[in-house]
**Student:** 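Can you read through this structure? Questions will come right after.
Labels below follow one simple rule: chain letters A, B, ... track the order of the sequence lines, proteins then strands, and each chain is numbered from 1. It should be emphasised that the depicted structure is a prediction, and the values quoted were computed from it without experimental measurement.
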Amino acid sequence: MEPRETEIDRLLRHSLAAPIPSLPRDFDQRLMRQVRRSSQPLDRYRRILLTGYGLISVVTSAVVMRGQGLNWGAIAVMILGPLAVVAAVPWARRATYTTRWRGAK
Amino acid sequence: MESDSQLVARAQSGGQQAFAELVSRYRAPVFRLAVSILGREFIPEAEDVAQEVFLKVHRAIESFRGEAEFSSWIYRITFNQAVNLKARVRFRSPHADETVLYQAVSPGPGPYLQAETAQRDQALAECIQTLPEVYQSALRLYYWLGADVAEVAELIGVPENTAKSYLRRARQLLHGLLKERGYSCD
């Protein structure tokens, strides 16, 4: 180490000396409780209900938009566009994280 | 002892015990990395980051293909999560007053010297904050959290020689920054 580095090394060792923190003892338990809660699959009834609601919404939207004079192409874009954006968000976030990680280095 | 890839494979099949084992294995280094990025004034936020990281890992583990090591993957998630949070907490007041933290470790013989040392330590902390994130993290891991160079390299995801040069470069930059502020490092 160069002399000036030795000086700053000593300064850092003194200045940054502090108790090392640790996670609370119950961290694992709290985390696994949350994991178990988020892992519970929707029961069959709720899945059917949500799927039915989604389909009825799409059909109703299509009928209303058709009644307003929109053609089928425009209706398809209006209904499928937001779904495509929602599906693409996880991919975009993964790409952003990878770029940030590489950029930070 | 099962390897990370074996535990990941079991966790991907829905094995919660395997995931719990991964949590147990990585909770400490994930937390240390989060703390090294956020700083000692934001310990509760570092705990939140650690929790959020494991929840993200749990949600995304099925899509983990094993192209990189599991450790590299989780440390990358931790780094990004902590940096994102840091940008948000930057303008909030820290939980503990910084001057109290620095005065607590200043052993100078008299009140004047103690005050001078505390001011220099505060200037040092401010200078550290101006360094690139990886330099800050490397410094805190090495000088505060007691990591050796190999562990610093693993946590921030670079080869050992790169970690050594980060530390060297950080020290050189700090030396210059302190001198600009009129502080001697002697």
**Student:** Which region of B:R168, side chain (C-beta onward) or backbone (N, CA, C, O), has a non-hydrogen atom less than 4.5 Å from a non-hydrogen atom of chain A, or is it both or neither?
**Tutor:**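 Answer is both: backbone and side chain atoms of B:R168 are under 4.5 Å from chain A.
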**Student:** Of the listed residues (A:T6, A:I20, A:L23), which shares the most heavy-atom pairs with chain B below a 4.5 Å separation?
**Tutor:**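 Counting heavy-atom pairs under 4.5 Å, the top option is A:L23.
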**Student:** Using a 6.0 Å cut-off, check whether atom CD of B:E69 has over 12 heavy atoms from anything other than its own residue.
**Tutor:**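 It does not: B:E69 CD has 12 such atoms or fewer within range.
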**Student:** Side-chain contact, heavy-atom cut-off 4.5 Å: A:E5 with B:H175?
**Tutor:**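 A:E5 does not reach B:H175 side chain to side chain.
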**Student:** I'd like to know if B:L38 and B:L55 are part of one continuous hydrophobic network [Ile/Leu/Val/Met/Phe/Trp/Tyr, side-chain heavy atoms within less than 4.5 Å].
**Tutor:**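 Per the 4.5 Å side-chain linkage, B:L55 and B:L38 are co-clustered.
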**Student:** So how far is it from B:L167 CG to A:I8 CD1, rounded to the nearest 0.5 Å?
**Tutor:**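 The CD1 atom of A:I8 is 12.5 Å from CG of B:L167, to the nearest 0.5 Å.
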**Student:** Should B:Q51 and A:Q34 count as side-chain neighbours, where that means a heavy-atom distance under 4.5 Å?
**Tutor:**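 Side chain of B:Q51 against side chain of A:Q34, heavy atoms only: contact under 4.5 Å found.
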**Student:** Do A:L16 and B:L124 pass the side-chain contact (heavy atoms from CB on, under 4.5 Å) test, and can you show the C-alpha distance, the side-chain angles, and the key distance before you say yes or no?
**Tutor:** CA-CA 10 Å; A:L16 292 185; B:L124 178 65; 5.5 Å; no
**Student:** Just checking heavy atoms, which of residues 139-146 of chain B are less than 4.5 Å from chain A?
**Tutor:**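 So the qualifying residues are B:L139, B:Y142, B:Y143, B:W144, B:L145.
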**Student:** Could you check whether any side-chain heavy atom of A:V35 comes within less than 4.5 Å of a side-chain heavy atom of B:V23, counting everything from C-beta outward?
**Tutor:**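 No; the side chains remain at least 4.5 Å from each other.
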**Student:** Taking the side chain as everything from C-beta on, heavy atoms only, tell me whether A:L11 gets closer than 4.5 Å to B:D121.
**Tutor:**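 When only atoms from C-beta onward are counted, B:D121 and A:L11 do touch, with a gap below 4.5 Å.
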**Student:** For the residue pair A:A17 and B:R40, what are the closest heavy atoms and their distance?
**Tutor:**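 Nearest heavy atoms, A:A17 then B:R40: O-NH1, 3.9 Å.
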**Student:** Rest of the hydrophobic cluster containing A:M78 (Ile/Leu/Val/Met/Phe/Trp/Tyr, side-chain heavy atoms under 4.5 Å)?
**Tutor:**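 Reading the cluster by chain and number, A:M78 sits alongside A:V58, A:M65, A:L70, A:W72, A:I75, A:I79.
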**Student:** CZ/A:R36 to NE2/B:H58 distance, rounded to the nearest 0.5 angstrom?
**Tutor:**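 So the CZ of A:R36 and the NE2 of B:H58 are separated by 10.0 Å.
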**Student:** Measuring only between side-chain heavy atoms, which start at C-beta, is B:E47 closer than 4.5 Å to A:P24?
**Tutor:**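 Answer yes - side chains close enough.
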**Student:** For B:S24, which atoms come within 4.5 Å of any heavy atom of chain A: side chain, backbone, both, or neither?
**Tutor:**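 B:S24 touches chain A through backbone and side-chain heavy atoms alike.
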